[in-house]
Number of protein chains: 2
Amino acid sequence: MTGQVRTVDGRVAGRRGQATRQKLLDCLSEMLSTSPYRDVKVIDVARKAGTSPATFYQYFPDVEGAVLEIAEQMAAEGAQLTALVEGRSWAGKSGWQAAEELVDGFLDFWRRNDAILRVVDLGAAEGDKRFYKIRMKILNSVTNSLSASMQELQAKGRLDKDLSPAAMAGSIVAMLAAVASHQKGFQTWGVKQAELKPNLALLVHLGMTGKKPSK
Amino acid sequence: MTGQVRTVDGRVAGRRGQATRQKLLDCLSEMLSTSPYRDVKVIDVARKAGTSPATFYQYFPDVEGAVLEIAEQMAAEGAQLTALVEGRSWAGKSGWQAAEELVDGFLDFWRRNDAILRVVDLGAAEGDKRFYKIRMKILNSVTNSLSASMQELQAKGRLDKDLSPAAMAGSIVAMLAAVASHQKGFQTWGVKQAELKPNLALLVHLGMTGKKPSK
DNA sequence: TCGGTAAGCTGACGGCATGACAGGACAAGT
DNA sequence: ACTTGTCCTGTCATGCCGTCAGCTTACCGA
């Protein structure tokens, strides 16, 4: 599908080359989580990887290009988030469980990838379509699943028909993503992780079913 | 309270100086909305303002310092967002209206200041306390008001006592902020502004009162 | 009117990151 | 050993950063 890994000047990368490339990506990834995006310099990444800036430019057009690569890898992993919604029932106790697990899984994924997700979020907000596409790839699976579940509920008459599943699902997912990316902030502000989760789950449940959950 | 405006090297700024300073801020502000934050260079801002980079460094320690200044100005304006919540009733029809107006006002404020808010969000997410504080200043007024309203409802027995007003209010506000900062995204993805708002308002209402609104 | 003083601005400079290139090192096959 | 193609780096021109000395401009009191 993706074809071979290639250098900027068109050569195909061999074993050694791919290793170097990956090492650069790893180091960049680490830098992103320890210093502001604006201050990440090619020379630092190269130094950290024990190589030279010139090498970096063999594999990536610039920092942004490398960041996109990392984001792409993460987005591929992120596809598994669908499993948090698909095939779940939103009725009764299992509905509450579904909401709780969705929140849990989401916050966890975000915590594991917060550095790169920050940059993706910024790129998307700035209007860069490549970043926006990646963001979509991650969120879409969840959004679509939620949206489908709501349409089912609507068909069964268990949910108001005049609300838009897409908008509601989008809002819910946006909320999860936002809270997730400011988890640390909530903590310093005095809201504990433990009380954040059930409240988020409650909001999710309310949004999905329009009803209070029966725990 | 704030004392006089001062240059980096300690001189007090006069009329002309303040004008130059403001012009630099305006130009920076415009740059932020037309090019990625990472690519905003001091020299470009200076050129745009018809002055030299050295002048920029007279008034600001670096780009980030100037951005903080802009953000501070915006935060001051943003304090008026409190008015969207304070003194509102969440019962009956007026409850629905309160939710709608909160959503409206929020999205509008975000749309007007999206460029600078993006950068503030990034800074906060990266753990910079100065940006975090500004973000708080804007969101706190709304969050606190919502939180207070919920405590009232709890006292009257109209709302479950086992949920945390702070966490819920925080989640609601985070959701509003998130949706607001990706408004354009929602649109390109096929969700129209018109159907976004009522669904958001519904979520807000559900979260605040635990009940479906009576319109 | 005339200095005196502080504000305001800029040219110039060392330092560093960028991005391109050519050439050397290295591994693998013959 | 020789060839071929991959891989890495030294080097260089370019451009931005951040600072300083020094020049110009505005204000003010005598």
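Lettering of chains follows the sequences in order, A, B, ..., and the numbering in each one begins at 1.
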Ion pair A/E101/A/R88, N-O distance below 4.0 Å: yes

Inter-axis angle, terminal five-pair segments of the helix from C/dT1-D/dA30 to C/dT30-D/dA1 [nearest 10°]: 10°

Separation between OG of B/S29 and CD of B/Q73, rounded to the nearest 0.5 Å: 8.5 Å

N or O in side chain of A/T55 less than 4.0 angstrom from D/dT9 OP1/OP2: yes

Separation between CD1 of A/I70 and CD1 of A/I134, rounded to the nearest 0.5 Å: 10.5 Å

5' priority, DNA chain C, between B/V12 and B/P53 [closest heavy atom]: B/V12

Side chain to side chain contact (heavy atoms under 4.5 Å, CB included) partner of B/F109, the single match among B/L84, B/L81, B/L176: B/L81

5′-ward residue of the pair B/A54/B/G17 relative to DNA chain C: B/G17

Strand-adjacent residues in residues 61-69 of chain B, judged by heavy atoms under 4.0 Å from DNA chain D: none

Provide a list of protein-nucleic acid N or O atom pairs under 3.5 angstrom, restricted to nucleotides 22-28 of chain C.
none

A/K197 atom NZ, neighbour heavy-atom count above 12 within 6.0 Å: yes

Verdict with supporting geometry, B/F106 and B/L200, side-chain contact (heavy atoms from CB on, under 4.5 Å): CA-CA 11 Å; B/F106 219 96; B/L200 265 181; over 6 Å; no

Whole-Å distance separating the CD atom of B/Q18 from the C1' atom of C/dG8: 13 Å

Set of residues satisfying side chain to side chain donor-acceptor pair (under 3.5 Å) with respect to B/D128, sequence neighbours excluded: B/R130

A/R38 to B/Y37 six-membered ring, cation-pi geometry met (6.0 Å, 45°): yes

Separation of C/dT18 C1' from B/D39 CG (nearest whole Å): 13 Å

Nearest-angstrom distance from the residue atom CG of B/L24 to C1' of C/dC9: 12 Å

Phosphate-side-chain proximity, B/Y57 and D/dG18, N/O vs OP1/OP2 below 4.0 Å: yes

Sugar-phosphate, base or nothing in reach of A/Y59, heavy atoms under 4.0 Å: sugar-phosphate

Separation of D/dG15 C1' from B/D44 CG (nearest whole Å): 11 Å

Nearest-Å distance for atom pair CD1/P, residues B/I43 and D/dC16: 5 Å

Short N-O contact, A/K23 and A/D26, less than 4.0 angstrom: no

For nucleotides 12-14 of chain D, tabulate all protein N/O to nucleotide N/O atom pairs closer than 3.5 Å, reporting atom names and distance.
none

B/T20 side-chain N/O to C/dC9 phosphate OP1/OP2 under 4.0 Å: yes

Residue pair A/E72, A/K137: steps toward the salt bridge (Lys or Arg N to Asp or Glu O under 4.0 Å) verdict: CA-CA 9 Å; A/E72 216 97 53; A/K137 191 173 173 182; 5.0 Å; no

Nearest-Å distance for atom pair CZ/P, residues A/R21 and D/dC8: 12 Å

Salt bridge B/R112-B/E77, side-chain N to carboxylate O under 4.0 Å: no

Using atom types as modelled, flag every donor-acceptor pair under 3.5 Å from a side chain in residues 40-54 of chain B to any protein atom, sequence neighbours excluded.
{"residue": "B/T51", "atom": "OG1", "partner": "B/T55", "partner atom": "OG1", "Å": "3.1"}
{"residue": "B/S52", "atom": "OG", "partner": "B/T55", "partner atom": "OG1", "Å": "3.4"}

Whole angstrom value for the distance that separates C1' of D/dC16 from CZ of B/R38: 14 Å

Short side-chain N/O contact from A/T51 to OP1 or OP2 of D/dT9, under 4.0 Å: yes

A/R47 CZ to C/dC16 C1', straight-line distance once rounded to whole Å: 10 Å

Main-chain N/O of B/R11 paired with B/T7 side-chain donor or acceptor, under 3.5 Å: yes

